[in-house]
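Notes follow the structure.
Residue numbers begin at 1 in each chain, while the letters A, B, ... track the order of the sequences. Heavy atoms only: backbone and side chains are in, while hydrogens, waters and symmetry mates are out.
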Protein chains: 2
Amino acid sequence: MTTATSPRALEHPTRDQIRLEAVLHALSDPVRLLIVRDMARERAELSCSYFDLPVTKSTTTHHFRVLREGGVIRQTYRGTAKLNALREDDLEALFPGLLGAVLAAAGAQAAREGEPGAQLS
Amino acid sequence: MTTATSPRALEHPTRDQIRLEAVLHALSDPVRLLIVRDMARERAELSCSYFDLPVTKSTTTHHFRVLREGGVIRQTYRGTAKLNALREDDLEALFPGLLGAVLAAAGAQAAREGEPGAQLS
DNA sequence: ACGGTAGTACGATAACCATCGTAGTACGGC
DNA sequence: GCCGTACTACGATGGTTATCGTACTACCGT
């Protein structure tokens, strides 16, 4: 109802609206860090259902929204799916090296704890 | 009372107890980010009262504790004062480049917003 | 048109957290 | 011993958040 002209528009912060605190907060949750690591590894637009997360679908939606509103990812509708992409270019322009350092740190920590054979090639 | 042998011992995580999520969370608060930036700039052990923070002393204590328990800083008693030092060596060993990237990002953001003349020499 | 799949919206809940004020402890100096 | 300074502990409070379940919408096949 309400016949919205674009019923599937998504709010994204522009590049200069992205705040460092929000990015760090978005990355400080284990589930969201997992999502971001997966996206960085695949380097493609992934649908939400691609991820195998230890939470329900509602919670997944919530985490993707936090990532989107923090400016970490960009979400677009593609038919019935919603594709997610890392905003690597924007983050790199604003905070050079930050995303790479966080991803490397997450990889190092994962290699230390838990998966002793999980190194990135 | 209770005659504790070291009544002024402070809990610090060991290097391998430091978790990336905790570090990112500690850095995702504006007040704490300000503290860390000051410490990185001065490169010396600073007392808590050195900082001019927009919160009360109780809240300041809380923020320093979050930073300490996250493994970002090391606190030691020196008479009536408590000296704070960045754990740059531990963080660099665990997460190479992370602290530097965050500090650079914070500096860049501060230069963009608010203080248009505040560049680091 | 119908059903299935993908994701959202809306509450609800419990945990966490940033903030404060007040009262208390530790130490140095007088 | 007494006082001031530096910081802490405790309790309270209000806001945010991570989580869930259920009900809903949007789109694609058939």
May I ask you to test the [X]-[Y] pair for a side-chain heavy-atom distance under 4.5 Å?
{"X": "B:Glu11", "Y": "B:Glu69", "value": "no"}
{"X": "B:Thr76", "Y": "B:Leu10", "value": "no"}
{"X": "B:Glu88", "Y": "B:Arg43", "value": "yes"}

In whole Å, I'd like the distance from the [atom1] atom of [X] to the [atom2] atom of [N].
{"X": "B:Arg78", "N": "C:dG28", "atom1": "CZ", "atom2": "P", "answer": "10 Å"}
{"X": "A:Ile73", "N": "C:dG7", "atom1": "CD1", "atom2": "C1'", "answer": "13 Å"}
{"X": "A:Phe64", "N": "C:dA6", "atom1": "CZ", "atom2": "P", "answer": "14 Å"}
{"X": "B:Leu10", "N": "C:dT25", "atom1": "CG", "atom2": "C1'", "answer": "14 Å"}
{"X": "A:Tyr50", "N": "C:dG7", "atom1": "OH", "atom2": "C1'", "answer": "19 Å"}
{"X": "A:Ile35", "N": "C:dG7", "atom1": "CD1", "atom2": "P", "answer": "12 Å"}

* Kindly give the heavy-atom pair with the smallest separation between B:Phe51 and B:Asp38, and that separation in Å. =>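 Closest heavy-atom pair between B:Phe51 and B:Asp38: CE2-CB, 3.4 Å.
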* Minimal non-hydrogen separation, B:Val23 against B:Val72, with atom names ->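 Heavy atoms of B:Val23 and B:Val72 come nearest at CG1-CG2, 4.2 Å.
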* How would nucleotides 11-24 of chain D be written as a contact map, 5' to 3', with B for base contact, S for sugar-phosphate-only contact and - for no contact, using protein heavy atoms under 4.0 Å? -> ------SBBBBB--
* Asked: Could you walk me through whether B:Glu45 and B:Arg78 pass the side chain to side chain contact (heavy atoms under 4.5 Å, CB included) check?
  -> CA-CA 11 Å; B:Glu45 304 217 326; B:Arg78 172 95 176 223; over 6 Å; no
* Quick one: is C:dT5 close enough that its OP1 or OP2 comes under 4.0 Å of any side-chain N or O from A:Ser49? ->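 For C:dT5, OP1/OP2 do not have a side-chain N/O of A:Ser49 under 4.0 Å.
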* So, is B:Arg65 near the phosphate of D:dA9, with a side-chain N or O under 4.0 Å from OP1 or OP2? ->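 Yes, within the criterion.
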* A:Thr60 near the nucleic acid: base, sugar-phosphate alone, or nothing, with a heavy-atom cut-off under 4.0 Å? ->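 If one applies the 4.0 Å heavy-atom cut-off, A:Thr60 turns out to touch nothing in the nucleic acid.
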